[in-house]
Protein chains: 2
Amino acid sequence: MKLSVRGEYALRALQVLAQHAGDAVVPMQTIATEQNIPRRFLEQILHGLKAAGVVESRRGITGGYRLARPASEIPLATIIRHVDGALAPLSCVSHQFYEKCSCPDEARCALRSVMKEVRDTVAAMMERMTLADLVERAESLRARPMEPVDFVI
Amino acid sequence: MKLSVRGEYALRALQVLAQHAGDAVVPMQTIATEQNIPRRFLEQILHGLKAAGVVESRRGITGGYRLARPASEIPLATIIRHVDGALAPLSCVSHQFYEKCSCPDEARCALRSVMKEVRDTVAAMMERMTLADLVERAESLRARPMEPVDFVI
DNA sequence: TAAAACTACACCAAGTCAATAGAGATTTGA
DNA sequence: TCAAATCTCTATTGACTTGGTGTAGTTTTA
């Protein structure tokens with residue numbers, strides 16, 4: 001049920017791009033440093049996201065990456081699907097990555113029925129949440145004072 | 001975000017045991033045949049579930065497996081955690097399999113905050129749903145007539 | 001024209017996954 | 001007692017995935 005490191009890096013990198021929404025482009029090195037992601041690995045990931053149409057790039061010394069659309073129009077679901085594939089716990093309940101499973105009658109498979117609910121719930125959450133929400137949340141977390149528990153010795 | 005085949009087999013196998021709740025034990029071969037699971041692979045899985053205290057076994061020619069507790073007291077979460085590990089998309093939001101992640105300040109990590117909500121939602125669903133519910137659902141699906149869409153040529 | 005950035009593709013080590021193998025230990029019925 | 005059917009335990013295997021490097025470019029601008 002886990003996100004891969006690749007998926008996590010992708011989300012973190014895109015959060016950075018969303019935060020620098022004003023700038024023309026953000027150089028890859030900036031993202032790598034800010035999020036502590038191996039530069040060459042990040043390269044691969046961003047390259048993939050460009051092929052997927054999520055980001056745009058500019059080459060040369062003033063080059064870098066930026067979001068291809070406003071952050072508010074890029075749901076986390078889109079990113080995860082491009083990098084890690086299905087959101088569903090079983091591929092037989094996935095919409096975008098459906099694969100027939102081994103049970104004789106999908107329509108009457110209890111496990112499938114349960115996992116479909118899980119998929120629908122997770123997918124709804126991930127579709128609703130966009131990169132803009134991620135930035136907004138980062139800001140409100142930054143503003144918020146330390147949790148009381150953190151003051152305990 | 002996927003369940004492994006191992007996890008799927010475990011859930012299917014335990015559903016069978018829950019369905020045969022009256023019987024003393026169910027031989028492994030019966031489960032393997034009923035759910036089309038490779039016998040030797042199932043062996044490993046059930047062995048693990050026994051070590052985890054989920055099932056009990058009996059050896060010899062009249063041997064087999066049965067649930068160690070009533071089906072209504074075995075949530076799907078327990079099984080998945082034993083077989084596949086964390087339910088959380090990031091290990092830094094896992095309760096049972098927590099691992100520190102690379103970000104500098106967990107308390108203010110936006111991604112972590114979002115993924116924590118996903119984890120809590122999924123965990124709640126999986127905790128609430130037990131093997132007894134799975135059996136019940138299987139019965140209601142068996143009773144239900146074909147979906148209208150299935151009649152379309 | 002050199003530096004800094006992106007592009008493209010190949011490669012690799014380590015680990016995981018799904019499954020199989022083999023040699024037992026138990027239990028019961030004949 | 002013995003044979004058959006079952007669980008027990010540990011190893012191993014082959015394919016694939018994951019996370020990450022390497023090398024050799026191309027593009028752009030100071």
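Naming: A, B, ... by sequence-line order, numbering from 1 per chain. Quick caveat: nothing in here was measured; it's all calculated off a predicted structure.
- Taking atom CG of residue L17(B) and atom C1' of nucleotide dC7(D), one finds them 14 Å apart after rounding to whole Å.
- E117(A) meets the side-chain hydrogen bond (donor to acceptor under 3.5 Å, both in side chains) test with R137(B); sequence neighbours excluded.
- Closest of all the heavy-atom pairs between H95(A) and K116(A) is NE2-NZ, 3.7 Å.
- A salt bridge links R81(B) with E127(B): the closest approach of a Lys/Arg side-chain nitrogen to an acidic carboxylate oxygen falls below 4.0 angstrom.
- Across all strands, K50(A) comes closer than 4.0 Å only to sugar-phosphate atoms, never to a base (heavy-atom distances).
- When rounded to the nearest whole Å, the span between OH of Y65(A) and P of dA4(C) equals 18 Å.
- Residue H47(A) has a polar side-chain atom (N or O) positioned under 4.0 Å from OP1 or OP2 of dA8(C).
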Dump the intermediate steps for side-chain contact (heavy atoms from CB on, under 4.5 Å) on Y65(B) and S57(B), then the final yes or no.
CA-CA 4 Å; Y65(B) 286 90; S57(B) 68; 3.5 Å; yes

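- Here I31(B) contributes atom CD1 and R39(B) contributes atom CZ; the two are 11.0 Å apart, rounded to the nearest 0.5 Å.
- Distance K2(A) NZ to dT17(D) P: 18 Å, rounded to the nearest Å.
- In this structure, R142(B) does not pair ionically with E139(B), as no charged nitrogen and carboxylate oxygen lie closer than 4.0 Å.
- With values rounded to the nearest 0.5 angstrom, K2(A) atom NZ is found 8.5 Å from L90(B) atom CG.
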Sequence-aligned protein contact record of nucleotides 18-30 of chain D, with B where the base is within under 4.0 Å of a protein heavy atom and S where only the sugar-phosphate is:
-SBBBB-BBBBS-

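- Rounded to whole angstrom, the span from the CG atom of L42(A) across to the P atom of dC6(C) amounts to 9 Å.
- Checking side-chain atoms of S113(B) against main-chain N and O of C109(B) turns up no donor-acceptor pair under 3.5 Å.
- Contacts between residues 25-37 of chain B and DNA chain C, defined by a heavy-atom separation under 4.0 Å, are absent.
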